[in-house]
> 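My structure is below; once you've seen it, I'll send some questions.
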Amino acid sequence: MKRLLCCCLALMMLLPFAAAENKSWSDEEWAMMAAALSGDEQNPIPEAYRLRIRENQIGTDVKMDPQWKLMLLMSTDAQDILENYGRSDVLMLCAVHKKTGEIRLLFLPEDGSVAVEGLQRQIRLRYVNCFGGPYLALSSVNRALGLNMDRYCAVNFSAFVEIVDALGGVPITLSADEAQAMEKQAGVNLLSGEEALRFVRLRRQDEEGLRPRRLLEAVLEQILNDTSFDRAMALVEILLPALDTNLTMNDLMDLGFALLDQENPGVVSTHRLSAPLNEEAARECHAFLFDKGE
């Protein structure tokens, strides 16, 4: 009976990633999906049009520096984190050096187009998750940038409301236009959770999508510089219900030891890819993430 139960559980884990037939969609179907993606509906792509990908199909043959732990971090607007087929306003690669604990965050151009295996047209990177979930996002980024990562974390941005409030607010420097839209004074403002979410969702004069990055950097700085162990544990409790990840307990332990067992804690470098996801972007990505690692 125990062996039968194990077999059933294994089959249940495999079923969601069974390969589905790729359809050649008509112009009308593409127009329908484009309209859905521009709307407010949760998980906008109908299930019949989603691509299925196995977890063991997301990697490539690229050899990467084993001293760096690499993962894809992304936001999602899917309210039900267990059904994670939402849009991603923020996508970034996070590399953590196992010996030094150094963190490198590479923000990806969410509106850049990317080729997706199984689709006849390139789509915006922010929409890849809608068509196939985090594993399709991993596979597409791997192929575009010549990487071989297999770990991801997806979080609903609404969780940042509670996180920012738990931190006592985060300081953000507002431009004159941003201050006017937020009904605040230009310059440094301590934003509450709701205000931080409003700030991220401001679309005017943010063609490069830098506001989510600015908020994340401010939150990270607060956490790394001013957060006690007890508060860090409280933040984890807030984050977990809004988190979808395939990180294992061993992954988390490795990351924890890397971040805590170091002489210079809290070293974070950030960069944003400005080029389309092509060979030039791949070289820029590898140079930032892996060069000069001790």
Side-chain angles (χ1 to χ4, degrees), residues 34-42 44 72-79 86-94 103-114 123-130 154-227 235 238-239 242 266 268-277 281 284-285 288:
L37 289 168
S38 63
D40 297 326
E41 183 180 353
Q42 297 296 315
L72 176 65
L73 307 181
M74 63 184 113
S75 68
T76 177
D77 63 0
Q79 294 299 318
R87 307 165 190 82
S88 297
D89 284 333
V90 177
L91 294 103
M92 58 182 170
L93 305 180
C94 175
I103 302 171
R104 296 183 181 179
L105 300 176
L106 180 66
F107 288 80
L108 304 181
E110 301 87 5
D111 282 327
S113 296
V114 63
I123 61 174
R124 291 182 178 183
L125 187 58
R126 70 166 72 233
Y127 296 146
V128 174
N129 199 67
C130 300
V155 62
N156 189 301
F157 232 116
S158 61
F160 279 85
V161 173
E162 293 184 70
I163 289 174
V164 170
D165 286 337
L167 290 170
V170 290
I172 298 289
T173 302
L174 300 179
S175 67
D177 287 337
E178 291 169 340
Q180 183 179 8
M182 296 284 295
E183 299 180 345
K184 291 186 173 293
Q185 298 294 320
V188 179
N189 286 261
L190 188 67
L191 301 186
S192 68
E194 290 290 347
E195 290 170 338
L197 190 59
R198 280 181 54 205
F199 168 76
V200 167
R201 289 176 173 170
L202 291 176
R203 297 301 183 188
R204 188 173 56 184
Q205 296 183 352
D206 189 31
E207 291 82 2
E208 296 184 2
L210 296 180
R211 290 190 183 111
R213 169 184 170 181
R214 287 163 60 191
L215 174 61
L216 286 171
E217 288 177 342
V219 169
L220 279 172
E221 186 174 356
Q222 289 279 86
I223 292 174
L224 290 171
N225 295 335
D226 304 322
T227 304
L235 294 178
I238 294 172
L239 192 59
V268 179
S269 303
T270 64
H271 182 64
R272 181 179 176 85
L273 282 183
S274 56
L277 297 186
E284 185 180 349
C285 166
F288 172 74

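Model, not experiment: these values are computed from the prediction.
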> Could you give me the CA-CA distance, side-chain angles and deciding distance for Asp89 and Asp77, then say whether side chain to side chain contact (heavy atoms under 4.5 Å, CB included) is met?
CA-CA 8 Å; Asp89 284 333; Asp77 63 0; 6.0 Å; no

> Backbone N or O of Val188 within a donor-acceptor pair of the Thr173 side chain at under 3.5 Å?
no

> Provide the closest heavy-atom pair for Asn156 versus Ala78 in the form atom of the first, atom of the second, distance.
ND2-O, 2.8 Å

> If you round to the nearest 0.5 Å, how far is OG1 of Thr76 from CZ of Arg126?
12.0 Å

> If you round to the nearest 0.5 Å, how far is CE of Met74 from CG of Leu93?
10.0 Å

> State, to 0.1 Å, how close Asn189 and Gln185 come at their nearest heavy-atom pair, and which atoms those are.
ND2-O, 2.8 Å

> Looking at every non-hydrogen atom in both residues, tell me the closest pair between Leu190 and Gly168 and how far apart they are.
CD2-O, 3.6 Å

> Quick one: pull up CZ in Arg214 and CG in Leu174 and give me the separation to the nearest 0.5 Å.
7.0 Å

> Is it the case that atom CD in Gln42 sees more than 12 heavy atoms from other parts of the structure closer than 6.0 Å?
yes

> What residue among Leu91, Val90, Leu273 forms side chain to side chain contact (heavy atoms under 4.5 Å, CB included) with Phe107?
Val90

> Start with the C-alpha distance between Arg104 and Leu106, add both sets of side-chain angles, then the distance that settles side chain to side chain contact (heavy atoms under 4.5 Å, CB included), and finish with yes or no.
CA-CA 7 Å; Arg104 296 183 181 179; Leu106 180 66; over 6 Å; no

> How long is the gap from CG on Leu191 to CG on Leu197, to the nearest 0.5 Å?
11.0 Å

> Closest heavy-atom contact between Pro276 and Ala281?
O-CB, 2.9 Å

> Could you grab the distance from atom CZ of Arg272 to atom CG of Leu108, nearest 0.5 Å is fine?
8.5 Å

> Would you give the length of the straight line joining atom CG of Leu215 to atom CD1 of Ile172, rounded to the nearest 0.5 angstrom?
5.5 Å

> What heavy-atom pair brings Ser75 and Ser88 nearest, and what distance separates the two atoms?
O-OG, 2.8 Å

> Can a donor-acceptor pair be found, under 3.5 Å and without considering hydrogens, that links the side chain of Arg87 to the backbone of Leu37?
yes

> For a side chain to side chain contact (heavy atoms under 4.5 Å, CB included) check, start with the C-alpha distance between Met182 and Leu202, then their side-chain angles and the critical distance, and finish with the verdict.
CA-CA 9 Å; Met182 296 284 295; Leu202 291 176; 4.0 Å; yes

> For Gly86 and Asn129, which heavy atoms make the closest approach, and how far apart are they?
O-ND2, 3.2 Å

> Do Tyr127 and Pro44 have side-chain heavy atoms sitting under 4.5 Å apart?
no

> Between Asp165 (side chain only) and Gly193 (backbone N and O only), is there a donor and an acceptor less than 3.5 Å apart?
yes

